Amino acid sequence: MTIPNPRTVDSLDGRIILALDKDPEASALALSRTLGVARNTVHARLARLERSGALRSFSRRLDPAALGYDLMAFLSLSISQTRTGAVENGLAAIPEVIEVHATTGDADLMAKVVARSTADLYRITNEILEIEGIQRTSTAISVLELIPPRYDGLLNRLSEQESRPSA
(Lines give C-alpha, C1' and ligand atoms only; values in the text may rest on other atoms or scores of the structure.)
Protein backbone atom coordinates (compact mmCIF):
# COMPACT_ATOMS: atom_id res chain seq x y z
CA MET A 1 0.00 0.00 0.00
CA THR A 2 1.45 3.40 -1.02
CA ILE A 3 0.65 6.32 1.24
CA PRO A 4 1.76 9.57 -0.41
CA ASN A 5 3.39 12.29 1.62
CA PRO A 6 0.48 14.50 2.72
CA ARG A 7 2.30 17.61 1.47
CA THR A 8 3.53 16.50 -1.96
CA VAL A 9 1.26 18.85 -3.89
CA ASP A 10 1.91 22.58 -3.92
CA SER A 11 0.21 25.48 -5.67
CA LEU A 12 1.96 24.98 -9.02
CA ASP A 13 1.25 21.25 -8.93
CA GLY A 14 -2.39 22.07 -8.27
CA ARG A 15 -2.51 24.43 -11.23
CA ILE A 16 -0.96 21.75 -13.46
CA ILE A 17 -3.52 19.16 -12.33
CA LEU A 18 -6.42 21.57 -12.83
CA ALA A 19 -5.12 22.38 -16.34
CA LEU A 20 -4.96 18.65 -17.10
CA ASP A 21 -8.55 18.27 -15.89
CA LYS A 22 -9.59 20.89 -18.44
CA ASP A 23 -7.51 19.31 -21.22
CA PRO A 24 -6.43 15.73 -20.40
CA GLU A 25 -4.55 15.42 -23.70
CA ALA A 26 -2.44 18.56 -23.16
CA SER A 27 1.29 18.08 -23.66
CA ALA A 28 3.89 19.39 -21.23
CA LEU A 29 4.59 22.16 -23.76
CA ALA A 30 0.92 23.15 -23.96
CA LEU A 31 0.64 23.13 -20.17
CA SER A 32 3.78 25.24 -19.84
CA ARG A 33 2.34 27.83 -22.21
CA THR A 34 -1.04 27.85 -20.47
CA LEU A 35 0.52 28.22 -17.02
CA GLY A 36 3.46 30.44 -17.95
CA VAL A 37 6.15 28.09 -16.64
CA ALA A 38 9.01 26.21 -18.32
CA ARG A 39 8.18 22.94 -20.09
CA ASN A 40 10.91 21.13 -18.14
CA THR A 41 9.33 22.33 -14.89
CA VAL A 42 5.94 20.92 -15.89
CA HIS A 43 7.51 17.64 -17.00
CA ALA A 44 9.54 17.30 -13.77
CA ARG A 45 6.52 18.15 -11.60
CA LEU A 46 4.32 15.55 -13.30
CA ALA A 47 7.05 12.90 -12.97
CA ARG A 48 7.49 13.70 -9.25
CA LEU A 49 3.74 13.56 -8.63
CA GLU A 50 3.53 10.15 -10.30
CA ARG A 51 6.54 8.78 -8.39
CA SER A 52 5.18 10.00 -5.06
CA GLY A 53 1.79 8.37 -5.62
CA ALA A 54 0.01 11.74 -5.57
CA LEU A 55 -1.18 11.18 -9.16
CA ARG A 56 -3.04 7.94 -9.56
CA SER A 57 -3.68 5.87 -12.66
CA PHE A 58 -5.78 7.27 -15.48
CA SER A 59 -8.20 4.32 -15.23
CA ARG A 60 -9.50 5.68 -11.89
CA ARG A 61 -11.42 8.27 -13.94
CA LEU A 62 -13.36 5.61 -15.83
CA ASP A 63 -17.08 5.28 -15.11
CA PRO A 64 -17.70 1.58 -14.26
CA ALA A 65 -21.06 1.78 -16.10
CA ALA A 66 -19.07 2.19 -19.34
CA LEU A 67 -17.77 -1.35 -18.70
CA GLY A 68 -21.27 -2.72 -18.02
CA TYR A 69 -21.12 -2.39 -14.22
CA ASP A 70 -24.25 -0.33 -13.59
CA LEU A 71 -24.64 -1.29 -9.93
CA MET A 72 -22.41 0.05 -7.17
CA ALA A 73 -22.49 -1.13 -3.57
CA PHE A 74 -20.64 -0.50 -0.33
CA LEU A 75 -19.87 -3.53 1.81
CA SER A 76 -19.07 -3.18 5.48
CA LEU A 77 -16.77 -6.08 6.33
CA SER A 78 -16.04 -7.57 9.73
CA ILE A 79 -12.78 -9.51 9.68
CA SER A 80 -10.61 -11.63 11.92
CA GLN A 81 -7.84 -9.27 13.02
CA THR A 82 -5.26 -12.04 12.68
CA ARG A 83 -6.06 -12.53 8.97
CA THR A 84 -5.69 -8.96 7.69
CA GLY A 85 -3.10 -9.84 5.02
CA ALA A 86 -5.13 -12.76 3.66
CA VAL A 87 -8.25 -10.58 3.56
CA GLU A 88 -6.45 -7.76 1.74
CA ASN A 89 -4.98 -10.18 -0.81
CA GLY A 90 -8.33 -11.94 -1.27
CA LEU A 91 -10.19 -8.69 -1.86
CA ALA A 92 -7.49 -7.47 -4.27
CA ALA A 93 -7.97 -10.65 -6.33
CA ILE A 94 -11.64 -9.81 -7.04
CA PRO A 95 -11.79 -7.31 -9.96
CA GLU A 96 -15.21 -5.99 -8.95
CA VAL A 97 -13.79 -4.79 -5.61
CA ILE A 98 -12.60 -1.38 -6.78
CA GLU A 99 -11.73 0.25 -3.47
CA VAL A 100 -11.19 -0.84 0.15
CA HIS A 101 -10.68 1.28 3.26
CA ALA A 102 -9.81 0.29 6.81
CA THR A 103 -12.39 2.02 8.99
CA THR A 104 -13.35 2.76 12.56
CA GLY A 105 -16.71 1.86 14.01
CA ASP A 106 -18.68 -1.35 13.65
CA ALA A 107 -16.98 -2.48 10.44
CA ASP A 108 -13.28 -3.18 10.05
CA LEU A 109 -13.21 -2.52 6.30
CA MET A 110 -15.41 -0.71 3.79
CA ALA A 111 -15.31 -2.07 0.25
CA LYS A 112 -16.64 -0.31 -2.82
CA VAL A 113 -17.88 -2.93 -5.26
CA VAL A 114 -19.33 -2.76 -8.77
CA ALA A 115 -21.64 -5.37 -10.29
CA ARG A 116 -23.64 -5.92 -13.46
CA SER A 117 -26.87 -6.76 -11.58
CA THR A 118 -28.18 -7.70 -8.16
CA ALA A 119 -27.59 -11.37 -9.02
CA ASP A 120 -23.98 -10.48 -9.90
CA LEU A 121 -23.65 -8.59 -6.60
CA TYR A 122 -24.88 -11.72 -4.81
CA ARG A 123 -22.15 -13.74 -6.56
CA ILE A 124 -19.47 -11.18 -5.64
CA THR A 125 -20.63 -10.99 -2.03
CA ASN A 126 -20.45 -14.80 -1.74
CA GLU A 127 -16.96 -14.72 -3.27
CA ILE A 128 -15.95 -12.16 -0.64
CA LEU A 129 -17.45 -14.29 2.14
CA GLU A 130 -15.28 -17.22 0.98
CA ILE A 131 -12.10 -15.25 1.77
CA GLU A 132 -10.40 -16.63 4.85
CA GLY A 133 -10.75 -14.07 7.63
CA ILE A 134 -14.02 -12.44 6.47
CA GLN A 135 -16.54 -13.00 9.23
CA ARG A 136 -19.59 -11.13 7.91
CA THR A 137 -20.69 -8.44 5.49
CA SER A 138 -23.39 -5.82 5.35
CA THR A 139 -24.32 -4.36 1.97
CA ALA A 140 -25.69 -0.95 1.00
CA ILE A 141 -26.54 -0.46 -2.69
CA SER A 142 -25.94 2.96 -4.18
CA VAL A 143 -29.08 4.17 -5.94
CA LEU A 144 -27.56 7.39 -7.30
CA GLU A 145 -24.15 9.07 -7.18
CA LEU A 146 -24.98 12.60 -6.04
CA ILE A 147 -21.42 13.97 -5.92
CA PRO A 148 -18.71 12.09 -7.79
CA PRO A 149 -15.13 12.07 -6.50
CA ARG A 150 -13.75 15.58 -6.92
CA TYR A 151 -10.61 17.45 -5.96
CA ASP A 152 -10.78 20.69 -7.91
CA GLY A 153 -12.13 22.63 -4.92
CA LEU A 154 -9.21 21.47 -2.77
CA LEU A 155 -6.71 22.31 -5.52
CA ASN A 156 -8.25 25.77 -5.97
CA ARG A 157 -8.12 26.36 -2.20
CA LEU A 158 -4.44 25.30 -2.14
CA SER A 159 -3.62 27.70 -4.96
CA GLU A 160 -5.47 30.54 -3.22
CA GLN A 161 -3.82 29.90 0.17
CA GLU A 162 -0.31 29.72 -1.24
CA SER A 163 -0.75 32.80 -3.42
CA ARG A 164 -1.79 35.00 -0.46
CA PRO A 165 1.02 37.02 1.12
CA SER A 166 2.02 35.90 4.63
CA ALA A 167 0.95 38.16 7.48
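Computed from a predicted structure; not experimentally measured. Just so you know, these numbers use all the heavy atoms, side chains as well, and skip hydrogens, waters and symmetry mates.
Hydrophobic clustering, with ILVMFWY side chains joined whenever heavy atoms are under 4.5 angstrom apart, groups Leu12 together with Leu31. Hydrophobic cluster membership is shared by Val9 and Val42, with clusters built from Ile, Leu, Val, Met, Phe, Trp and Tyr side chains linked at under 4.5 angstrom. Under the 4.5 Å side-chain heavy-atom criterion for grouping Ile, Leu, Val, Met, Phe, Trp and Tyr, Tyr69 is not connected to Ile141 through any hydrophobic cluster. Hydrophobic clustering of Ile, Leu, Val, Met, Phe, Trp and Tyr side chains at less than 4.5 Å, counting indirect connections, unites Val97 with Val87. Leu18 and Leu158 end up in the same hydrophobic cluster when Ile, Leu, Val, Met, Phe, Trp and Tyr side chains are linked at under 4.5 Å.
No side-chain donor-acceptor contact under 3.5 Å links Asn89 to the backbone of Ala86. Listed for the Arg15 side chain is a donor-acceptor partner under 3.5 Å among the backbone atoms of Leu35.
Counting all heavy atoms, side chain and backbone alike, Leu62 lies closest to Ala66 at CD1-CB, 4.5 Å. Between Ala102 and Leu109 the shortest heavy-atom distance is CA-CD2, 3.7 Å. The minimum heavy-atom distance linking Ala115 with Asp120 is given by the pair CA-OD2, 3.6 Å.
Counting non-hydrogen atoms of neighbouring residues, nucleotides and ligands closer than 6.0 angstrom, the CG atom of Asp106 reaches no more than 12 such neighbours. Remark: Arg39 CZ is loosely packed, at most 12 non-hydrogen atoms of other residues, nucleotides or ligands lying under 6.0 Å away.
Here the side chains of Thr118 and Tyr122 are not in contact, with every heavy-atom distance at 4.5 Å or above. Using a 4.5 Å cut-off on side-chain heavy atoms (C-beta onward), Leu20 and Leu46 make contact. Looking only at side-chain heavy atoms (C-beta outward), Asp108 and Gln81 come within less than 4.5 Å of each other. Two residues are said to be in side-chain contact when any heavy atoms from C-beta on lie closer than 4.5 Å; Val37 and Ile16 fail this criterion. With a 4.5 Å cut-off on side-chain heavy atoms, Leu55 and Ile17 count as touching.
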Distance-only donor-acceptor pairs under 3.5 Å for side chains of residues 127-140, two or more places apart:
from   : atom 1 : to     : atom 2 : distance (Å)
Glu127 : OE1    : Arg123 : NH1    : 3.1
Glu132 : OE2    : Arg83  : NE     : 3.4
Glu132 : OE2    : Arg83  : NH2    : 3.4

Exercise answer: donor-acceptor pairs, residues 70-77 side-chain atoms, under 3.5 Å, sequence neighbours excluded:
none

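Atom CG of Asp21 is separated from atom CZ of Arg150 by 13.0 Å, given to the nearest 0.5 angstrom.
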